[in-house]
Novice: 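Before we start, here is the structure in question, set down as structure tokens.
Here is the naming used below: chain letters follow the sequence lines, and residue numbers restart at 1 for every chain. When reading the values below, keep in mind they use all heavy atoms of this one structure, side chains included, and skip hydrogens, waters and symmetry mates.
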Protein chains: 2
Amino acid sequence: MPGWEEIRDSVRERIRVREWAPGALIPGEERLAADYGVARATVNRAIRALAEAGLVERRKRAGTRVAELPTRRARLEIPVIRREVEGQGRIYAFRLLSARPGGLPAEVAARLDLPAGHAALAIETLHLADGRPHAHEARWLNPAAVPPLPDFARISVNEWLVANVPVVSGEVVFLAEAALPAAAAALAIAPGAPVLVTERTTAGPDGPITFVRLSHVPGHRVNLRL
Amino acid sequence: MPGWEEIRDSVRERIRVREWAPGALIPGEERLAADYGVARATVNRAIRALAEAGLVERRKRAGTRVAELPTRRARLEIPVIRREVEGQGRIYAFRLLSARPGGLPAEVAARLDLPAGHAALAIETLHLADGRPHAHEARWLNPAAVPPLPDFARISVNEWLVANVPVVSGEVVFLAEAALPAAAAALAIAPGAPVLVTERTTAGPDGPITFVRLSHVPGHRVNLRL
DNA sequence: GCCTTTAATATGTATATACATAAAGCCGAG
DNA sequence: CTCGGCTTTATGTATATACATATTAAAGGC
């Protein structure tokens, strides 16, 4: 007697071999349940998993149809730098370069969906692996959206936020650029060297939280598992 | 009477306010079900959703505990370049630069977990947006793992694969590098310009499928929603 | 013919119940 | 004291049933 995972796999395979073409309706849950000899709830679980994976689209009364362009959604885990470094067997440390209140620059404000000049805390951090520069972090934090701040010389901003502020939405951007002077100096690399930059904006229940710009040392690879 | 989504939200909130600290056990399903006045299955659905989101970790017998480091999971949509370009209101096209059988180079073989020299199809493609170079794609395809191939001059490899081969696992790597000669020539940029490279390996039920190396035009940003 | 109301239907959720499975912890044999 | 097996327990899955909800399709009124 098949379990829901086997049914999910079976249906996925039947879609793959084009038994049901993209855009076509697949049989209803009742019908599939009878075919597979299981309860409807079991089929429901299986098909729902495929829907969450983006392979089919479901609508009440209208039934379930194979997605036209099965844009594959995969879950990826966003690395926490300390973990990433330690995972490579290296020793993590960080240096707080500066932390001071100020107004948001226009471009950062735009990304956070806040007015330019909005009160913020600007934080600059250098992340180290085995004592050598690993990444340079420029961050703007919206104090209105987070609990009272701890002493960021002792715990890294990133980690404190991850542990203390729930994120409800956000965006991650990867880009390559010639190292900017500030980052190049902090990372002790030649200005203009190609660096991988990740920009992250996050928002929580009380509004936009933070914008981070992370410049990695040349040669760094950001690794995501599907 | 609360539904599973309300219970999920309630538990998430109780975690946020530290009623249960990171690493701590939360009450069992039976207990929560009694507290909320619902059936265990309803609580199960709610907590399972939180587990899938990475906020809690569940283990049989050991119970459910709040994740120490709630490693955030983002949904990554394996980008179909055509869609991405068209989504920006630009016209997509591609040119198949070359496609020929050959043995896998050692470094690619290693990434695919196949022996060096394994039979493969090497494909080079240039993606265009509004007639201008957008990205350069170097791909190795494992013919043993996919159905018979179509004519790749008519449909892009990427799109055909996404639509026809189920992916069960894989890896995505982002890095920045000075443009290699081949990519620089194809993209019509200065050699040495900083380019964003994404490398992707995917494996399906019949083994490793493909390794793709995509060099984007300078200034390109890869965007992921959380 | 067109708009509104109503019925039919596929998926969504909730429930009680039962058994499966994994793993922690206990306990006895050696 | 250590190892292996047994028990216990929390989560995982399956089932039958019932009702909710969204949406389409049909029926009816104008």
Side-chain angles (χ1 to χ4, degrees), chain A residues 1-15 19-68 70-71 73 75, chain B residues 1-15 19-71 73 75 168:
Chain A
M1 187 183 304
W4 71 269
E5 292 183 289
E6 291 162 62
I7 292 175
R8 176 200 59 191
D9 292 347
S10 164
V11 171
R12 185 199 282 138
E13 179 63 12
R14 293 169 79 178
I15 288 172
E19 181 174 331
W20 306 299
L25 273 178
I26 75 174
E29 298 187 346
E30 207 80 59
R31 181 65 201 288
L32 287 174
D35 290 354
Y36 283 105
V38 300
R40 184 168 80 87
T42 306
V43 170
N44 181 289
R45 184 98 166 77
I47 306 293
R48 209 176 44 210
L50 292 177
E52 277 161 19
L55 202 67
V56 299
E57 284 161 9
R58 322 196 72 188
R59 275 166 59 216
K60 292 182 188 176
R61 160 73 202 193
T64 301
R65 50 185 70 238
V66 180
E68 292 280 357
T71 145
R73 280 185 232 141
R75 272 201 282 287
Chain B
M1 187 185 303
W4 71 268
E5 292 183 289
E6 291 162 65
I7 292 175
R8 176 200 60 193
D9 292 346
S10 164
V11 171
R12 186 198 282 135
E13 178 63 13
R14 294 170 77 178
I15 287 172
E19 180 173 331
W20 306 300
L25 272 177
I26 74 175
E29 298 187 347
E30 208 80 61
R31 181 65 202 286
L32 286 174
D35 291 354
Y36 283 105
V38 299
R40 183 168 80 88
T42 306
V43 169
N44 182 287
R45 185 98 166 76
I47 307 292
R48 210 176 43 210
L50 292 177
E52 277 162 19
L55 201 67
V56 300
E57 284 161 9
R58 320 195 74 188
R59 275 165 60 215
K60 291 182 189 177
R61 161 74 203 194
T64 301
R65 49 184 70 237
V66 179
E68 290 277 1
L69 208 57
T71 142
R73 294 184 188 148
R75 275 245 243 281
V168 300

Novice: Among A:Arg58, A:Arg48, A:Arg45, find the residue that satisfies the salt bridge (charged side-chain N to carboxylate O under 4.0 Å, His left out) test when tested with A:Glu29.
Specialist: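 Of all the options given, the one that passes is A:Arg58.
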Novice: Please give, in whole Å, the distance from C:dT9 C1' to A:Glu29 CD?
Specialist: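 For the pair A:Glu29 CD and C:dT9 C1', the rounded distance is 12 Å.
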Novice: Does A:Thr64 put a side-chain nitrogen or oxygen below 4.0 Å from OP1 or OP2 of C:dA10?
Specialist: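 No, outside the criterion.
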Novice: So, is A:Asn44 near the phosphate of C:dT13, with a side-chain N or O under 4.0 Å from OP1 or OP2?
Specialist: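 For C:dT13, OP1/OP2 do not have a side-chain N/O of A:Asn44 under 4.0 Å.
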Novice: Can you measure B:Ile7 atom CD1 to C:dT13 atom P for me and round it to whole angstrom units?
Specialist: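 To the nearest whole Å, that distance equals 13 Å.
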Novice: Compare side-chain N and O positions of B:Arg58 against OP1 and OP2 of D:dG12 and report whether any pair is under 4.0 Å apart.
Specialist: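 Yes, within the criterion.
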Novice: Find the distance B:Glu57:CD to C:dA24:P and express it as a whole number of Å.
Specialist: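 Nearest whole value for this atom pair: 13 Å.
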Novice: What are the two closest heavy atoms between B:Arg65 and B:Gly23, and how far apart are they?
Specialist: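 Looking at all heavy atoms of both residues, the shortest contact is NH1-O, 2.6 Å.
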Novice: Tell me whether the count of non-hydrogen atoms from other residues, nucleotides or ligands lying under 6.0 Å of CD in A:Glu52 goes above 12.
Specialist: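 Yes, the 6.0 Å shell around CD holds more than 12 heavy atoms from other groups.
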Novice: Can you tell me how far C1' of D:dT11 sits from CZ of B:Arg48, to the nearest Å?
Specialist: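 It works out to 11 Å between those atoms.
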Novice: If every non-hydrogen atom of B:Ala49 is compared with every non-hydrogen atom of B:Trp4, which pair is closest and at what distance?
Specialist: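 Of all heavy-atom pairs spanning B:Ala49 and B:Trp4, the closest is CB-CZ3, 3.9 Å.
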Novice: Starting from P on C:dA10, measure out to CD1 on A:Ile26 and report it in whole angstrom.
Specialist: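 Spelled out: CD1 on A:Ile26 to P on C:dA10 is 13 Å.
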Novice: Of the nucleotides D:dA22, D:dA14, D:dT8, which one has an atom closest to the side chain of A:Arg61?
Specialist: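 So the side chain of A:Arg61 is nearest to D:dA22.
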Novice: Give the nucleotide from the list C:dA8, C:dT21, C:dG12 with an atom nearest to the side chain of B:Lys60.
Specialist: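 My answer, after comparing the listed nucleotides, is C:dT21.
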Novice: Looking only at side-chain N and O atoms, does B:Thr42 come under 4.0 Å of OP1 or OP2 in C:dT15?
Specialist: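 The answer is yes; a side-chain N or O of B:Thr42 sits under 4.0 Å from OP1 or OP2.
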Novice: Taking OP1 and OP2 of D:dT13, is either one under 4.0 Å from a side-chain nitrogen or oxygen of A:Arg45?
Specialist: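 Result: yes.
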Novice: Start with the C-alpha distance between B:Val56 and B:Val11, add both sets of side-chain angles, then the distance that settles side chain to side chain contact (heavy atoms under 4.5 Å, CB included), and finish with yes or no.
Specialist: CA-CA 10 Å; B:Val56 300; B:Val11 171; 5.7 Å; no
Novice: Whole angstroms only, please: what is the CZ-P distance between B:Arg8 and C:dT13?
Specialist: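 After rounding, the reported distance stands at 10 Å.
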Novice: Go through C:dA24, C:dA16, D:dT24 for me and flag the one nearest to the A:Arg59 side chain.
Specialist: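 Shortest atom-to-atom distance from the side chain points to D:dT24.
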Novice: Can you measure A:Glu30 atom CD to D:dT17 atom P for me and round it to whole angstrom units?
Specialist: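 So the CD-P distance, A:Glu30 to D:dT17, works out to 11 Å.
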Novice: Quickly work out the A:Trp4 CH2 to D:dG12 P distance and round it to whole Å.
Specialist: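 Between P of D:dG12 and CH2 of A:Trp4: 11 Å.
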Novice: Using OP1 and OP2 only, check whether a side-chain N or O of B:Arg40 sits under 4.0 Å from C:dT17.
Specialist: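 No, because none of the side-chain N or O atoms of B:Arg40 sits under 4.0 Å from OP1 or OP2 of C:dT17.
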